[in-house]
Amino acid sequence: MTDGDEQPAGAAASGDEQPVTVPWDGDDTVGHPSATGTDDPGQGAPPNGAPSFKDDAGDPGPAAAPNGAPAAENGTVAGDLGPAGDAGSAGRPASEPGPQPHPAGYPVTAPGVHPFVAGGERPARRRWRLWAVLGLVLVLVACGVPGVLLLGLVRDAAGRPAADREDRGTAAERQLRARMSAQLDRQAAALLDGDRAGFLAVAEPAARPALTRRYAALRALRVTAWRPVADGMPAAADRPGEWRLTVTVGYCFVVPGCTPSSVELGTRWRVTGDADPTLTAVEESRATPAGARPWEVSDLAVAVGKRAVVATTPALRGKLPGLLAQAEAAAAVADLYAVAAPPPDRYLVYYAGRAEWQRWYGGGRPKWTAGYAVGVGGGHHDVVLNAQSLTPGGVDDLLRHELTHAASLPDGGYADRSSWWLVEGLAEYAGADGQPVDRYEGLAEARKLVRDGWNGRLDALAPADDASDDRVGGAYGIGYLAVHHLVDRFGEQRVLDFFRAVVHERLSMAEAADKVFGEPWSGLHDDCVAYLRAVAG
């Protein structure tokens with residue numbers, strides 16, 4: 001841990017606020033379990049004895065809303081929306097600019113994911129793998145422990161620069177795009193104003209059930225910014241009078257002045273003469289690296305704390321108080337590892353039932369995965385937990401590990417496989433939360449890997465995609481021990497400086513060691529290996 005007197009940038013102590021579970025309004029937020037059985041109650045309940053809040057975690061506080069909207073209160077939850085047409089606290093006219101990026105926020109470039117071992121008779125030990133997606137090319141980087149970090153390309157939350165968006169089209173196409181954009185702006189203003197009727201008014205009746213669910217989920221998540229930008233020109237669809245338009249939406253939850261996350265959505269429209277275009281469908285964002293967000297496809301119950309937001313399906317909302325307490329405690333730890341920027345304004349955690357686990361963010365996770373974190377741009381990483389596979393003893397360290405990735409990694413992730421041990425070792429170090437080395441739960445697996453022929457190179461530690469559970473867990477254990485030894489020698493702050501130099505500044509290990517530690521990396525590497533062989537060998 002960093003020195004206890006040192007607070008994360010922008011943090012202010014406040015201990016008088018308590019989180020509240022969202023009050024469910026069956027009229028304005030669809031609160032019943034899906035009739036199709038998408039919710040899965042009773043699967044892997046989190047521990048009832050959740051840790052108490054760490055009030056000294058602080059809250060950087062929302063930046064002033066540029067639209068004059070009052071900031072959402074910490075420790076409470078929006079969700080009781082009132083009758084359609086009632087104005088909410090986050091509204092802004094469509095003509096006014098949305099929240100501006102936080103001056104110290106992350107650049108919006110790419111997202112990321114990290115998996116957690118699951119399966120019927122899984123051991124208590126956590127394991128993961130790491131997939132890195134840089135640009136438009138997927139680069140598989142195997143890892144293993146509680147979570148997955150999928151790194152991919154996310155468009156700028158405000159859309160591409162205007163010059164790039166003004167693709168050359170005919171005058172008629174440009175005019176049609178402007179008419180569709182005006183409808184989207186009306187819908188955005190209605191969403192932020194809490195006007196459900198206005199939000200649905202731009203759509204045809206057949207599209208309204210799905211949009212009603214989306215509206216309710218976004219309002220429960222306390223949407224504070226919703227900035228749709230047309231991406232390119234409308235294209236004729238397969239039926240006469242129907243058109244497609246790709247839209248990039250920048251959005252914020254809870255904090256009005258956040259650096260927006262972004263999502264690319266496909267929209268379908270019906271155009272009849274000079275009448276306003278009507279929305280016939282909003283397609284899931286499955287074409288983007290992160291896949292469909294939970295708020296796109298599911299009813300949600302939400303609880304909001306000072307540093308974390310936790311959401312799940314209505315059937316599992318009874319888990320929210322304990323999960324929020326655990327997420328708040330994990331956030332207080334993760335905030336200390338924000339190495340290159342202030343901590344995220346909020347950590348967003350989703351708790352998935354069986355069907356949601358297969359659908360949220362594209363699904364398709366390995367069967368042993370129990371959780372992952374996925375980057376969604378704007379310095380934000382959403383964390384997803386698998387209700388079916390979690391055990392009471394595994395939630396806290398899983399959250400600390402994954403939220404530390406969210407705090408420490410750049411949006412673009414990292415491309416160098418040789419630094420895997422450092423990235424995962426730091427997250428494991430945070431997950432261990434100061435416990436003695438001899439109590440680290442992965443020590444036995446690290447010992448097995450050391451004894452079973454590990455080649456002694458940290459830069460070759462990342463496990464292969466098809467590695468065994470023991471190999472994966474052992475790799476994480478060795479990464480943890482190496483980082484722990486560096487902290488013992490140089491202190492936590494200098495290790496964080498080393499991490500920043502390698503992962504954010506993209507320096508080689510040799511360059512970073514010389515810059516931060518003033519010693520050659522070759523000697524430090526051998527010293528780390530000697531230490532971990534002594535401890536685990």
Side-chain angles (χ1 to χ4, degrees), residues 66-67 69 90-101 108 154-208 210-212 214-215 218 223-237 239-252 256 260-285 287-288 293 295-296 377-378:
N67 49 24
R92 65 175 173 88
S95 61
E96 291 187 16
Q100 298 304 305
V108 179
V154 170
R155 293 179 181 270
D156 188 288
R160 293 178 299 177
D164 291 337
R165 292 197 307 272
E166 287 295 335
D167 301 326
R168 292 184 178 180
T170 66
E173 287 173 337
R174 292 194 298 272
Q175 184 183 48
L176 180 56
R177 183 177 70 172
R179 292 165 62 195
M180 292 175 179
S181 295
Q183 290 287 79
L184 291 170
D185 287 342
R186 293 188 189 102
Q187 189 180 55
L191 172 65
L192 298 175
D193 285 339
D195 177 6
R196 183 177 63 177
F199 182 83
L200 299 176
V202 303
E204 293 193 346
R208 291 177 183 176
L211 287 174
T212 297
R214 179 170 299 191
Y215 171 89
L218 290 170
V223 59
T224 56
W226 188 261
R227 296 158 56 184
V229 177
D231 193 359
M233 294 293 168
R239 296 180 182 179
E242 292 191 358
W243 294 79
R244 292 179 179 272
L245 179 67
T246 301
V247 177
T248 297
V249 179
Y251 61 91
C252 291
S261 299
S262 63
V263 62
E264 184 180 283
L265 303 172
T267 62
R268 295 177 66 96
W269 302 81
R270 191 182 311 281
V271 179
T272 304
D274 293 332
D276 288 334
T278 54
L279 192 62
T280 62
V282 179
E283 299 168 348
E284 296 176 15
S285 55
T288 66
R293 275 63 163 171
W295 49 262
E296 294 183 66

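Computed from heavy atoms alone, side chains included, the values below leave out hydrogens, waters and symmetry copies. Quantities reported herein were computed from a predicted structural model and do not represent experimental measurements.
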Pairing residues for W269 by the side chain to side chain donor-acceptor pair (under 3.5 Å) criterion, not counting sequence neighbours
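With sequence neighbours excluded, W269 shows a side chain to side chain donor-acceptor pair (under 3.5 Å) to T267, given in chain and number order.
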Could you pull out all residues at least two apart from R214 that satisfy side chain to side chain donor-acceptor pair (under 3.5 Å)?
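Listed in chain order: nothing, the list is empty.
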Could you list the residues that satisfy side chain to side chain contact (heavy atoms under 4.5 Å, CB included) with [X], not counting sequence neighbours?
{"X": "A203", "result": "A207, R208, L211, L279"}
{"X": "Q175", "result": "R179"}
{"X": "A237", "result": "E242, R244, R268"}

Please name the pair of heavy atoms, one in [X] and one in [Y], separated by the smallest distance, quoted to 0.1 Å.
{"X": "M233", "Y": "R174", "result": "CE-CG, 3.4 Å"}
{"X": "G198", "Y": "A190", "result": "C-CB, 3.5 Å"}
{"X": "L265", "Y": "E283", "result": "CD2-O, 3.9 Å"}
{"X": "G232", "Y": "L245", "result": "O-CD1, 3.8 Å"}
{"X": "P260", "Y": "C252", "result": "CA-SG, 3.8 Å"}
{"X": "V223", "Y": "L192", "result": "O-CD2, 3.9 Å"}

Criterion side-chain contact (heavy atoms from CB on, under 4.5 Å) on V263 and W295, from CA distance to verdict
CA-CA 12 Å; V263 62; W295 49 262; 3.9 Å; yes
Reference residue P277; test side-chain contact (heavy atoms from CB on, under 4.5 Å); the match among L184, V202, V271:
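Only one option passes, and that is V271.
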Applying side-chain contact (heavy atoms from CB on, under 4.5 Å) to V247 and M180, what does each step give before you reach the verdict?
CA-CA 10 Å; V247 177; M180 292 175 179; over 6 Å; no
Which pairs, with at least one residue in residues 177-200 and sequence neighbours excluded, count as a ring-ring contact (aromatic ring centres under 6.0 Å, His included)?
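Of all non-adjacent pairs touching residues 177-200, those that pass ring-ring contact (aromatic ring centres under 6.0 Å, His included) are F199-Y215.
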How many angstroms lie between CH2 in W226 and CG in L218, if you round to the nearest 0.5 Å?
5.0 Å
Min side-chain heavy-atom separation E264-S285 under 4.5 Å
no
Who pairs with E204 by salt bridge (charged side-chain N to carboxylate O under 4.0 Å, His left out), at least two apart in sequence or on another chain?
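In terms of salt bridge (charged side-chain N to carboxylate O under 4.0 Å, His left out), with neighbours along the sequence ignored, E204 is linked to R270.
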